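Below is one structure; the comments refer to it alone.
Bear in mind that the values here come from a model prediction, so they are computed numbers and not experimental data.
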Amino acid sequence: MESRFSAPGKIILFGEHAVVYGKPAIAIPVSDMRAVAWSEPGDGQLTINALDIEKQFSLKSKNNQFVTLAQTILQKTGSNEPSLTINLTSTLPQGSGMGSSAATSTAVCRALSGYLGVDLAANDVSELVFDAEKIVHGNPSGIDNTVVAYEMPVYFIKGQKPKTFEPGKLFHLVIGDTGIEASTKETVSNVRKMWKVQPSLMNGYFNEIERVTENGKKAIEAGEEDLVGELMDENHDLLNSIGVGHDTLEKLVEIAKENGALGAKLTGGGGGGNMVALAEDKTTQKKIHNAITEAGYRAYQTSFGEQA
Ligand code: PMV
């Protein structure tokens, strides 16, 4: 029987940008958008068949996240190259801060280890994917592979081992896509320029974001969704203060709030990209989702806190 292996995407719920300055951030899994991998008999070698981009990779392919991953797994388990094709597909948009590369690597990692009969713990998967992520991101923080491999919220401080934690209830989210491609590298560098000019002002904002993030973790753990919503609003205002907002993000936040969101904020790098809104129940979640799509933007519904 064919087994399918999958992994979720992720978004940052609190603390983006401040995390670059040593403050904590919280990322959560996006379980409704996933990368899926399944294997079938190969033609004498190992092939990763990336269906969405219509590309195939073998162990001879250079500089590829899946090849690095497969080589490490084969080496660690003392296995020979199997005659196997691993098919891969994903509903996660690439390059949008939703953890697409960590999710696809995790799905491939699980499909290959599953075929080899090796039982990998979430931490093993996370570490293998972290190494593969270096091919894509150069110097990844470690947050994506952790949240994706564990499929749990993660509390993260740069240079420290990411910590997973348990939400106190099921949280309903809507992600809205501005459709504006923004470079995280650019927004991070703009924040750096502002920080150089006005360090005490910017450090003050980062301290505020830290407080919001710490309280956000406690509120998620306690299942206090009203408070999580308020803190998301506060985090959004602070992100605007550090200059990473955008008119279209404001528009999406406004639509979400008008349709009953408990809170809404930009997520990830900002300057465009995605917005995330919290809804108290499935009905409001759907209402926000529909309002965003009716306004002409792409939107996704997801939840975290219980196995979907
Ligand atoms: O959009 P993402 O999920 O890649 O997050 C970017 C987060 C920043 O804090 C803006 C940058 C970083 O490297 O942490």
Side-chain angles (χ1 to χ4, degrees), residues 1-10 27 29-92 94 98-154 156 161-164 307-308:
M1 206 189 71
E2 181 190 82
S3 302
R4 293 173 90 85
F5 298 86
S6 76
K10 78 102 210 336
V30 176
S31 294
D32 295 282
M33 294 171 77
R34 310 185 72 86
V36 183
W38 66 99
S39 54
E40 60 186 29
D43 51 6
Q45 60 166 12
L46 177 64
T47 307
I48 314 293
N49 187 16
L51 296 162
D52 306 321
I53 52 170
E54 294 180 7
K55 279 196 180 143
Q56 300 198 329
F57 306 102
S58 75
L59 288 187
K60 289 180 207 79
S61 310
K62 295 246 174 335
N63 257 343
N64 178 265
Q65 63 184 111
F66 307 122
V67 174
T68 301
L69 187 68
Q71 272 163 343
T72 315
I73 295 171
L74 294 175
Q75 195 190 345
K76 285 203 168 166
T77 58
S79 312
N80 293 324
E81 179 177 359
S83 172
L84 188 74
T85 296
I86 297 178
N87 296 303
L88 173 68
T89 180
S90 167
T91 52
L92 288 155
Q94 276 184 44
M98 290 187 72
S100 153
S101 65
T104 50
S105 280
T106 300
V108 167
C109 178
R110 291 192 172 134
L112 180 57
S113 56
Y115 172 81
L116 296 171
V118 187
D119 199 10
L120 293 179
N123 190 51
D124 302 324
V125 174
S126 177
E127 281 177 8
L128 285 162
V129 171
F130 181 64
D131 286 339
E133 284 277 277
K134 289 180 188 157
I135 305 278
V136 188
H137 292 304
N139 189 14
S141 67
I143 196 166
D144 283 21
N145 51 289
T146 308
V147 67
V148 165
Y150 282 87
E151 199 158 350
M152 276 178 79
V154 165
F156 176 82
K161 199 169 157 21
K163 291 185 195 127
T164 56
Q307 224 42 40

Of all the heavy-atom pairs spanning [X] and [Y], show the shortest one and how long it is.
| X | Y | answer |
| --- | --- | --- |
| T77 | I73 | OG1-O, 2.8 Å |
| V36 | S6 | CG2-CB, 4.1 Å |
| S83 | G44 | OG-N, 2.8 Å |
| G114 | F5 | CA-CZ, 4.0 Å |
| V129 | S105 | CG1-CB, 3.8 Å |
| A37 | L88 | CB-CD1, 4.2 Å |

Going from [atom1] on [X] to [atom2] on [Y], what distance comes out if it is rounded to the nearest 0.5 angstrom?
| X | Y | atom1 | atom2 | answer |
| --- | --- | --- | --- | --- |
| E81 | T47 | CD | OG1 | 8.0 Å |
| K134 | T68 | NZ | OG1 | 10.5 Å |
| N145 | K10 | CG | NZ | 10.5 Å |
| N80 | L74 | CG | CG | 8.5 Å |
| N49 | F66 | CG | CZ | 11.0 Å |
| E133 | I143 | CD | CD1 | 12.0 Å |

Main chain of [Y], side chain of [X]: is a donor-acceptor contact present, judged purely on distance under 3.5 Å?
| X | Y | value |
| --- | --- | --- |
| D52 | T89 | no |
| S113 | C109 | yes |
| S90 | L92 | yes |
| R110 | A149 | yes |
| D131 | L128 | no |
| Q45 | S58 | no |

Q) Among T104, L59, T85, I86, whose side chain to side chain contact (heavy atoms under 4.5 Å, CB included) with I48 holds? A) I86
**Q.** Chi angles and distances behind the side-chain contact (heavy atoms from CB on, under 4.5 Å) call for L84, L112
**A.** CA-CA 9 Å; L84 188 74; L112 180 57; 4.1 Å; yes
**Q.** Residue pair M152 / P29, side-chain heavy-atom distance below 4.5 Å
**A.** no
Q. Does P153 reach the side chain of V147, with side-chain heavy atoms less than 4.5 Å apart?
A. no
Q) Are the charged groups of R34 and E151 less than 4.0 angstrom apart, N to O? A) yes
Q.
What verdict does the side-chain contact (heavy atoms from CB on, under 4.5 Å) test give for D144 and F156, after you've listed the backbone C-alpha separation in whole Å, the side-chain angles of each residue and the deciding distance to 0.1 Å?
A. CA-CA 10 Å; D144 283 21; F156 176 82; over 6 Å; no
Q: Tell me, with the steps shown, if V125 and E127 meet side-chain contact (heavy atoms from CB on, under 4.5 Å).
A: CA-CA 5 Å; V125 174; E127 281 177 8; over 6 Å; no
